[in-house]
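Below, read A as the first sequence line, B as the second, and so on, with proteins coming before strands; counting in each chain starts at 1.
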Amino acid sequence: MSSTPLHDWGLAPAEAVALQRRLAGRVERGDRLDPVSRIAGVDIGFEQDGEITRAAVVVLAWPPAADGAFEVVEQAVHREPTRMPYIPGLLSFREVPAALAAFDKLSTRPQLAMVDGQGIAHPRRLGVASHLGLWLDLPTIGVAKTRLVGRHDEPGAERGDWAPLVDHGPEGEEVIGAVLRSREGVKPVYVSPGHRLCLETAVGWVVACLGKTKLPEPTRLADRLASRRDQKRR
DNA sequence: GCGACAG
DNA sequence: ATCTTGTCGC
């Protein structure tokens with residue numbers, strides 16, 4: 001018997017893995033950025049015990065105001081029935097369709113997007129940020145709260161300090177991301193290139209978008225919108 | 001066979 | 001991811 005196909009993709013898990021390997025070969029790791037004036041934050045949340053998938057995209061103006069505040073240019077939410085379970089390594093197949101639908105609702109197109117999850121710091125170098133970037137042909141950065149793959153030392157204690165995330169690949173040891181101390185006294189975030197930019201550039205943008213919290217503003221605001229934390233609070 | 005395992 | 005109050009600390 002064949003395994004259950006990945007809903008929107010009509011693929012069996014083994015085929016999804018094969019597809020990831022092919023797509024990973026198309027991910028651009030060099031910088032190919034247009035002048036940035038709008039940065040998007042993307043995240044997916046769930047409602048009703050996971051029955052409903054809720055994709056959120058927040059577009060912020062770059063650069064921030066003199067006081068450091070980022071202006072929200074536009075934001076969109078897309079809800080739909082959840083059609084796939086969470087499978088480590090195959091997260092993008094569960095979240096990308098909804099994220100794309102949310103992007104379709106935007107009237108403006110950002111030049112850069114930060115996604116809640118990994119970029120190339122993935123078993124086959126195709127995390128959700130890379131997958132989405134490839135689909136949108138947009139530079140993307142993966143900003144995850146925890147590790148999926150790779151080894152690393154503890155980063156320095158100062159905001160901005162980071163340690164390389166290393167993993168063994170076909171060509172030996174490879175630096176696939178950065179374990180960044182985004183805030184003092186807090187667990188670091190895992191930053192990795194998604195598409196069309198290198199690690200140093202990715203880390204630079206994340207640091208430039210840091211506010212007073214652990215997560216950079218784009219991802220933090222998308223997180224709030226996806227989890228309805230902005231209205232859920234009474 | 002025994003762990004590890006983004007959200 | 002999500003279910004959830006108070007509480008410790010800057």
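- Using modelled atom types, one finds no donor on one side chain facing an acceptor on the other under 3.5 Å when comparing A/D116 with A/T219.
- Residue A/S92 places none of its side-chain N or O atoms closer than 4.0 Å to OP1 or OP2 of B/dA6.
- Inspection of the A/T108 and A/E74 side chains reveals an N or O donor paired with an N or O acceptor under 3.5 Å.
- Rounded to whole Å, the distance from CZ on A/F46 to C1' on B/dG7 is 7 Å.
- For A/R26 and A/D137, the salt-bridge test fails: no basic side-chain N is under 4.0 Å from an acidic carboxylate O.
- Summarising the geometry, the separation between CZ on A/R151 and C1' on B/dC5 is reported as 17 Å, rounded to the nearest angstrom.
- Residue contacts shown for A/V128 include a base, since a base heavy atom lies under 4.0 Å away.
- In terms of phosphate contacts, A/R147 brings a side-chain nitrogen or oxygen within less than 4.0 Å of OP1 or OP2 of B/dC5.
- Stacking annotation: A/Y86 is not stacked on the base of C/dA1 (requires ring centroids less than 5.5 angstrom apart and an interplanar angle below 30 degrees).
- When A/E80, A/E47, A/Q48 are each tested for a side chain to side chain donor-acceptor pair (under 3.5 Å) with A/R54, only one passes: A/E47.
- For C/dT2, one of the phosphate oxygens OP1 or OP2 lies less than 4.0 angstrom from a side-chain nitrogen or oxygen of A/S227.
- More than 12 heavy atoms of other residues, nucleotides or ligands shown are found within 6.0 angstrom of CG on A/D104.
- Between the CZ atom of A/R228 and the C1' atom of C/dT4 there is a distance of 14 Å, rounded to whole Å.
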At a cut-off of 3.5 Å, list every protein nitrogen or oxygen paired with a nitrogen or oxygen from nucleotides 6-8 of chain C, distance to 0.1 Å.
none

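- The CD1 atom of A/I52 sits 14 Å away from the P atom of C/dC3 (whole-angstrom rounding).
- The side chain of A/K145 places an N or O atom within less than 4.0 Å of a non-bridging phosphate oxygen (OP1 or OP2) of B/dG7.
- Between A/E154 and A/K187 there is no salt bridge, since none of the side-chain N atoms of the basic residue sits less than 4.0 Å from a carboxylate O of the acidic one.
- A/L91 CG to A/L126 CG: the interatomic distance, rounded to the nearest 0.5 Å, is 11.0 Å.
- The CZ atom of A/F93 sits 17 Å away from the P atom of B/dA6 (whole-angstrom rounding).
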